[in-house]
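Read through the structure below, which is laid out as structure tokens, and then see the notes.
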Amino acid sequence: MRLDKYLSGSGMFSRSEAGRAIRSGRITVNGEVVKSPSVHIDENTASVKYGDEAVVWTKYKYAMLNKPEGYISATDTDPSDTGRTVMSLLPPEFTRLGMFPCGRLDIDTVGLLLITDNGPLAHELLSPKHHVEKTYRFRCSVPVGDEMHERLESGIEFSDFTSKPCRVVLDPDGLSGEISVTEGKFHQVKRMFHAVGSEIVFLERIRFGPLELDNSLPRGEWRWLTEAEIAALNSL
Ligand code: URA
């Protein structure tokens, strides 16, 4: 693989930054300065550094975004979407590398969103066949009593689908708690609460399969997934 492609594929550089970094003489391959962007290197064995910092190319990229309110879970290239997309919170390289949000959170839902370029994995994570559990922290308008709780957990019949049994853990006030569902129907949690006579006023995704929202990640910020998180996702 060409050295400039390797650098931009690491997510650390855009293609033009990669060229500049190489020409600056700060890029080394196996300890030797390389100043030509077109040099071919073995992406599986080469040790590439920018100054003292390792530059690691991986086949697929994975990032976690703590989505704030007011952003659409779509790529910039989707012509049906108007307004700001979550991709505008991320470095422009992400779009160039083909990364996209894995699944959708409503515009006013916040929290954990996986951003990746691994299409086959995203397909599996979102497929109804795989029942990947998603957990949301919620606040609602009317306290959830015993009967409402039972209805939420046992499944609700809608005109277009019946929700699968799920888990709802309530805080003592009955107005907030956590709900874990294994489906991802449009506005699903909001529709479930509406059906039992309450309205969701706050919704935050805190878990997606094996991934947990990193509490140290401020709203609107992102970070790369760790090796352990990537391994957990791929072992589903
Ligand atoms: N359920 C909803 O109603 N909205 C979301 O964004 C996610 C789950």
Side-chain angles (χ1 to χ4, degrees), residues 63-76 78 80-90 99-116 122-144 148-149 151-171 174-215 217-222 233 236:
M64 169 187 302
L65 172 69
N66 187 346
K67 179 190 174 296
E69 270 194 63
Y71 289 83
I72 299 166
S73 303
T75 59
D76 280 328
D78 188 336
S80 64
D81 286 315
T82 51
R84 293 175 299 183
T85 74
V86 290
M87 297 313 286
S88 67
L89 296 163
L90 301 162
M99 295 175 74
F100 56 88
C102 176
R104 282 179 178 246
L105 293 178
D106 293 339
I107 192 161
D108 55 352
T109 301
V110 299
L112 175 56
L113 197 56
L114 170 66
I115 312 286
T116 184
H123 183 75
E124 280 191 31
L125 290 170
L126 299 175
S127 157
K129 272 190 284 176
H130 287 89
H131 310 294
V132 171
E133 190 171 81
K134 291 151 271 258
T135 301
Y136 299 85
R137 176 105 207 122
F138 67 85
R139 189 158 181 85
C140 59
S141 60
V142 174
V144 177
M148 291 155 84
H149 194 178
R151 279 192 68 207
L152 285 170
E153 287 199 326
S154 57
I156 297 170
E157 208 177 309
F158 295 98
S159 58
D160 50 340
F161 81 109
T162 301
S163 59
K164 293 212 163 56
C166 71
R167 206 157 24 93
V168 180
V169 179
L170 291 168
D171 293 347
L175 282 167
S176 48
E178 289 181 16
I179 177 165
S180 300
V181 295
T182 53
E183 305 155 287
K185 295 280 193 305
F186 192 52
H187 297 329
Q188 174 156 351
V189 174
K190 290 176 185 163
R191 288 177 68 190
M192 289 170 69
F193 276 76
H194 179 77
V196 299
S198 190
E199 299 296 334
I200 289 289
V201 295
F202 171 79
L203 198 59
E204 176 186 40
R205 184 153 68 188
I206 55 171
R207 274 192 289 281
F208 179 53
L211 284 187
E212 294 226 11
L213 178 63
D214 183 339
N215 284 326
L217 195 60
R219 211 69 95 203
E221 303 274 312
W222 69 278
L233 274 183
L236 273 180

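Ligands are counted one by one from 1 in listed order, and the atoms in each one are counted from 1 as well.
Near ligand 1, residues Leu105, Asp106, Thr109, Tyr136, His187, Gln188, Val189, Lys190, Leu203 each place a heavy atom inside the 4.0 Å sphere around the ligand atoms.
In this structure, the salt bridge (Lys or Arg N to Asp or Glu O under 4.0 Å) partners of Arg137, at least two apart in sequence or on a different chain, are Asp171, Glu178. Looking at residues two or more places apart in sequence or on another chain, you find a ring-ring contact (aromatic ring centres under 6.0 Å, His included) between Phe138 and Phe193.
In summary, of the residues considered (Thr135, Asn66, Val110), a side chain to side chain contact (heavy atoms under 4.5 Å, CB included) with Leu213 occurs for Asn66 alone. For the side chain to side chain contact (heavy atoms under 4.5 Å, CB included) with Ile200, the lone residue among His187, Arg191, Lys190, Arg139 that qualifies is Lys190.
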- Message: side chain to side chain contact (heavy atoms under 4.5 Å, CB included), that's the test. Do Ser180 and Cys166 meet it? Break it down for me.
- Response: CA-CA 6 Å; Ser180 300; Cys166 71; 5.9 Å; no
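Contacts classified as side-chain hydrogen bond (donor to acceptor under 3.5 Å, both in side chains) and involving residues 122-131 (residues at least two apart or in different chains) are not found.
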